[in-house]
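We number each residue from 1, following the sequence as shown.
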Amino acid sequence: MEITLIIMAAGIGSRYKGGIKQLEAMDDQGRIIIDYSVYDAVEAGFNHIIFVIRREIEDDFRCIIGERIERLYRERGVRFEYAFQELEDIPQGHSIPAGRVRPWGTGQAVLSCRELVSGPFAVINADDYYGRDAFQLLARYLTEDPKEEACLIGFVLKNTLSENGGVTRGMCDVDGRGMLRSIRETYNIRSTGGMIVSDSGILDPDAVVSMNMWGFGADFMRVLGREFTSFLDSGEELAEQEFLIPKVVGSLLEQKKIRVHVRRTRDRWFGITYKEDLEPVRDEFTRLRSMGEYQEN
């Protein structure tokens, strides 16, 4: 059975002072966060990897990441492909609004893989470290043939913060059966005075949050295409609006058109939101290797 992992690497973080954060080395051997994610994914059973990138970073990405990783996993039968997220990739009959200069967000990034995906698939960010347990939970769910249902890997809020500034997280309302009731984007979350707060107030440190690690049945690609068309037809001012996976899932939940299973992990997330996060994240990888989580080779 082919299990696909879509790695969204098209974004160049605006808060990262213009650098391509997905290409930052995490150790002396030049490995990056994607190396660890691909390793954990393959160990969990994923055998088809799609990198979603922008064409302007293709040469660097292939040189630093793609060609090297493909060589490492060729003997294990893992397939690697590329998809390109482009502003112009919109349904026929639509046009780009005046003033729109960026692609359309994570929902469109996933849609850029529509010709490459034929079965269940997972979605992650390129610049986030999720942990081995998270990939195992996700692979286990996808092998159950989820069809029109979905899976969200839920992280503990206090395990997902940056020491260098506020972050955005999808706050999840989960029922007693482990099903997602709603997801709400919450901005500028930070730790201060021994509490975790956002602009709207104090948050529960043990709350379940989304880190954009999703699992979907093959039918979701069709649903996503339909929702993208509706987004473009909404009549809203679209010069700056984003077509985001959490918003799509949230809307489908409200309409009772999707069921989302939440699989909770206690693993600690870490990633590079700010330039100042780089050294602490490198230290975390050093710690994981010293504990035997990853071998030097």
Side-chain angles (χ1 to χ4, degrees), residues 7-38 40 51-54 56-57 60-61 64-65 85 101-103 105-106 109 123-131 134 153-172 183-205 207-213 240 242 244-247 265 267-289:
I7 301 179
M8 298 185 293
I12 297 177
S14 60
R15 289 172 294 179
Y16 193 62
K17 303 176 183 176
I20 303 178
K21 57 186 177 180
Q22 292 88 348
L23 305 184
E24 290 282 7
M26 294 294 110
D27 56 35
D28 294 339
Q29 290 157 311
R31 290 173 296 208
I32 59 178
I33 289 179
I34 294 176
D35 282 287
Y36 290 88
S37 292
V38 170
D40 286 340
F51 295 121
V52 180
I53 60 176
R54 295 191 192 186
E56 56 263 37
I57 68 170
D60 282 344
F61 197 96
I64 298 173
I65 301 173
Q85 184 177 13
V101 296
R102 297 182 300 167
T106 55
V123 179
I124 65 169
N125 295 329
D127 48 350
D128 291 332
Y129 173 81
Y130 294 98
I153 301 300
F155 286 77
V156 178
L157 175 58
K158 64 186 177 186
N159 292 340
T160 70
L161 303 181
S162 169
E163 296 178 357
N164 298 297
V167 296
T168 298
R169 298 289 179 256
M171 303 296 297
C172 300
I183 182 168
R184 174 174 51 87
E185 288 287 286
T186 303
Y187 304 94
N188 197 24
I189 301 174
R190 65 270 183 203
S191 180
T192 179
M195 297 182 296
I196 297 177
V197 302
S198 71
D199 291 345
S200 58
I202 299 173
L203 301 174
D204 177 2
V208 176
V209 299
S210 165
M211 296 304 301
N212 236 15
M213 190 177 200
E240 297 293 336
E242 297 287 291
L244 303 175
I245 296 173
K247 288 185 178 180
T265 178
D267 278 352
R268 180 168 180 258
W269 167 94
F270 47 88
I272 304 172
T273 303
Y274 300 93
K275 185 74 172 178
E276 294 77 13
D277 291 330
L278 181 56
E279 287 308 317
V281 170
R282 283 175 173 161
D283 290 342
E284 286 289 340
F285 281 114
T286 299
R287 181 183 65 82
L288 288 171
R289 293 195 304 276

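Contact check for V209 versus W269: no side-chain heavy atoms found under the 4.5 Å cut-off. Here the side chains of M26 and D35 are not in contact, with every heavy-atom distance at 4.5 Å or above. Looking only at side-chain heavy atoms (C-beta outward), D283 and F270 stay at 4.5 Å or farther from each other. Within the 4.5 Å cutoff, no side-chain heavy atoms of V123 are placed close to those of N212.
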When you look at N125 and M8, which way does the side-chain contact (heavy atoms from CB on, under 4.5 Å) test go after all the steps?
-> CA-CA 5 Å; N125 295 329; M8 298 185 293; 3.3 Å; yes
Could you walk me through whether V197 and R190 pass the side-chain contact (heavy atoms from CB on, under 4.5 Å) test, one step at a time?
-> CA-CA 6 Å; V197 302; R190 65 270 183 203; 3.8 Å; yes
Determine, step by step, whether Y36 and L288 satisfy the side-chain contact (heavy atoms from CB on, under 4.5 Å) criterion, reporting the C-alpha distance in whole Å, the side-chain angles of both residues, the deciding distance to 0.1 Å, and the verdict.
-> CA-CA 11 Å; Y36 290 88; L288 288 171; over 6 Å; no
side-chain contact (heavy atoms from CB on, under 4.5 Å) between N159 and D267: does it pass, once the steps are laid out?
-> CA-CA 8 Å; N159 292 340; D267 278 352; over 6 Å; no
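Electrostatic pairing of K247 and E242 does not count as a salt bridge here, judged by no charged N lying under 4.0 Å from a carboxylate O. Residues K158 and D204 are not paired through a salt bridge, judged by the lack of any N-O separation under 4.0 Å between the basic side chain and the carboxylate.
The two atoms that bring D127 and I33 nearest to each other are O-CD1, 3.7 Å, heavy atoms only. Between S162 and D277 the shortest heavy-atom distance is OG-OD1, 2.8 Å. The minimum heavy-atom distance linking I124 with S37 is given by the pair CD1-CB, 4.1 Å. Shown here for S198 and L203, the closest heavy-atom pair between the two residues is CB-CD1, 4.0 Å. Counting all heavy atoms, side chain and backbone alike, P246 lies closest to T106 at CD-OG1, 4.3 Å.
Taking CD1 from I7 and CG from D128, the interatomic distance works out to 11.5 Å, rounded to the nearest 0.5 Å. Summarising the geometry, atom OG belonging to S200 is positioned 8.5 Å from atom CE belonging to M171; distances are rounded to the nearest 0.5 Å. The distance from atom CE of M213 to atom CE of M211, rounded to the nearest 0.5 Å, is 11.0 Å. The CG atom of L278 sits 5.0 Å away from the CD1 atom of I272 when rounded to the nearest 0.5 Å. From I183, atom CD1 reaches atom OG of S210 across 4.0 Å, with rounding to the nearest 0.5 Å. Atom-to-atom distance recorded for L157:CG and I189:CD1 is 5.5 Å, nearest 0.5 angstrom.
Surrounding CD of E163 are at most 12 heavy atoms belonging to other residues, nucleotides or ligands under 6.0 Å away. When the shell of 6.0 Å around CG of D199 is examined, it contains more than 12 heavy atoms from other residues, nucleotides or ligands.
When atom types are taken as modelled, the side chain of R54 and the backbone of A10 share a donor-acceptor pair closer than 3.5 angstrom. Side chain of Q85 to backbone of A9: no donor-acceptor contact under 3.5 angstrom is found. The backbone N or O of A25 lies less than 3.5 Å from a partner atom in the side chain of R282, making a donor-acceptor pair.
When the salt bridge (charged side-chain N to carboxylate O under 4.0 Å, His left out) test is applied to E185, no partner is found at least two apart in sequence or on another chain.
Classification of the Y130-F155 ring pair by plane angle, with boundaries at 30° and 60°, yields tilted.
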